[in-house]
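To start, the structure itself, in structure tokens.
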Amino acid sequence: MSRFSAEQGDDDGADPSKKIRVSMNPWTNKVYSKKYYEILKTRQSLPAWEAKGQLLKLLDENQVIVLQGETGSGKTTQIPQFLLESKHVKGKKGICCTQPRRVAAMSVAKRVADEMDVQLGDEVGYSIRFEDKTSNKTMLKYLTDGMLLREAIHDPLLEKYSIIMLDEAHERTLNTDILFGLLKEILENRKDLKIVVMSATMDAEKFQGYFKGAPLLEIPGRLYPVEIFYTHEPEKDYVEAAIRTAVQIHMYEDEGDMLVFLTGEEEIENACKQIKQEIQKQGDTCGPVNVIPLYSSLPPAMQQKIFDPAPGPNKKGIPGRKIIIATNIAETSLTIDGIVYVIDPGFAKQKVFNPRMRVESLLVSPISKASAKQRAGRAGRTRPGKCFRLYTEASFKNELMEDTYPEILRSNLASVVLTLKKLGINDLVHFDFMDPPAPETLMRALELLNDLGALDDEGELTKIGEMMAEFPLEPQLGKILLNSAKYQCSEEMVSIVALLSVPNIFMRPKENQKEADDARLKFCNPDGDHLTMLNAYNAYKQKKENAEWCKSNYLNSRSLKSADDVREQLKNLMVKLEIPLVSCGTNYENVKKCLLSGFFMQVAKLQRNGAYMAFKDVQTVAIHPSSVVDQKPDWVIYNEFVLTKRHYIRNITAIKGEYLFEVNPDYFNPARIKHIDTRKDLEKLEKETVEKRKKQSQQSSK
DNA sequence: GAGCACTGC
């Protein structure tokens, strides 16, 4: 029993009555279950267990601790439990631990509730968007980093917590990065608050430098050695090289599953086919294979296939092999045990942001060293493995960046800036970002928020801005919701905004493109994609969210379901902000005006040559072929600007030119337009509009 | 006439 003393405190084992008391769970005052002791044994074998004493000591002496521990060290599950015993947890102020992903927050909370032998949602809980599994008893809460940021909006000093842990800090998600800066300011005002930053090996020193004087505690990991192989020459075609290498490994290497990293859906589906073909050609000289694609837009049931066991041996007794072809999803979000071979071509699709054009786009680009190490590590989770890098050792050493650029340097910061302003951070230039974004990116964000009326000319948050920040949305979409009652169409706008913040609801499988296009025609409103989506959503609600119906109409029921969840959340926020929910019936002109009231900076005009010109940036664009708008209206609003072979605008609604002056006369005042041709266009339109109005009023006065 | 790495509020 003495081994349990660390957990339970003061058991000297002498007094039998004491012994009974000691085996009681202090959280529930119940006797520990049998399961508790079983789990305890595995817990105690985790490397994190050995760090407990030092951790609690460091916590006494420091306000911030950086903890470095690799996968398998048990840091995420054990450290928070140790901290619960610390004297720094006082009264009702509990501990929270952030995670970049929802599933992680949920599953870790479940696990820890089991370990502590309590009901999930009581002493241990989790909080993610759409689900709060906590109660007033909760002392340990796992939550997404975005969720903690939301909490800060209404509790600026995060006074609910005595200890805040930022887990997976090395991933440098946008939200974790903002939390870093925010917590640094909070620490000044809350000397009782403790911060624990947890990271995989790579970035720990950077965090120490950021929180000056923070000590570092290292916890060893549980990884088996992985042997690294490089190519002698650079590969011209990494997809072809990956396929070739996969087939060779299957033919010549020992038993053990394989993981191949590629960059996207199409690449992965093609590679799967080719690998299957190539291996079939070999006949029964090599074992049977199960080749499984893995990327995020696959339905969960398909994703589950990666956990199927490898196929059994063939007639000759040659063992089978599981080959998973995955995107970066397998680098962080999903771990697959049993992988022995990893093929790393060294590329990934990464988000890049062009502040001048305010466009985020995806580019296939070389990964970082940190990322390559992470990929290799996937081969050593259950036994020693091998990683085949499809690039030379020299390019690994000399060409790859040390770390992936943090997300904050690759993103549009409009909503980040709005959130920071709402948090009371007015001086963004001096805000202590761990990696400060380019000034131009911040300028662009401030400009947009000013155009939307969220910030005044001094850069102060306005009443409108305050309200916009309440919505978990891009600022433009928040503005639309705020205006929606004025345009008598808030019911419709809540649906449309929800639909715009989920993955595409229209499915278009390669083999049934024609059928899918025909199916969409049933919901088509030729005036725009927004109204077409609205029709599809309304039909989905009318069919009582029937998944079969969705499938036969080529609608993505998962997307529609999450749009429904988002809609519910937005509706509640509307009620809270006292914006009436009213419907415009079929007067969709109001919907168009309302859309324009948020997206007036994303308007394009038809040119005489048949192309469109993006009004603000004076940039030639084309309507994306997926749009239902094909009559070439004079003016359109667009939601998204995509940069591929051409400059496309996506999610289009046709509007009447005169709406520009009606919805935002200041912005479309010709006198403030610098570009001459654009100004002339606008002056002409203004003249026409004035004349049209004159005629109308003459007619009505007759 | 064509594209969707991955998350998150």
Check: Between A:Y295 and A:Q569, who's closer to the 5' end of DNA chain B by nearest nucleotide?
Finding: A:Y295
Margin query: Whole angstroms only, please: what is the CZ-P distance between A:R508 and B:dA2?
Written below: 11 Å
Check: Side chains of A:Q350 and A:Y405: is there a donor and an acceptor less than 3.5 Å apart?
Finding: no
Next item on the list: Give the intermediate values and the outcome of side-chain hydrogen bond (donor to acceptor under 3.5 Å, both in side chains) for residues A:N525 and A:H530.
Entry: CA-CA 9 Å; A:N525 180 325; A:H530 300 97; over 6 Å; no
Check: Rounded to whole angstroms, how far apart are CD1 on A:I128 and P on B:dG8?
Finding: 8 Å
Note to self: Quick check on B:dC4: syn or anti? Syn means the glycosidic torsion is within 90 degrees of zero.
What the structure shows: syn
Notebook entry, point to check: Quick one: does A:R646 reach the base of B:dA2 with a side-chain donor-acceptor pair under 3.5 Å?
Noted result: no
Notebook entry, point to check: Side chains of A:L570 and A:P472: closer than 4.5 Å at any heavy-atom pair?
Noted result: yes
Item checked: Spacing between A:R558 atom CZ and B:dC4 atom P, to the nearest angstrom -> 18 Å
Next item on the list: Check DNA chain B against residues 404-415 of chain A and give the residues with a non-hydrogen atom under 4.0 Å, in numerical order.
Entry: none
Item checked: Option passing side chain to side chain contact (heavy atoms under 4.5 Å, CB included) with A:L294 (candidates A:I329, A:I268, A:L259) -> A:I329
Margin query: Any donor-acceptor pair under 3.5 Å linking the side-chain atoms of A:Y161 with those of A:E151?
Written below: yes
Check: Who are the side chain to side chain contact (heavy atoms under 4.5 Å, CB included) partners of A:E331, not counting sequence neighbours?
Finding: A:F261, A:N328, A:S371, A:Q374, A:R375
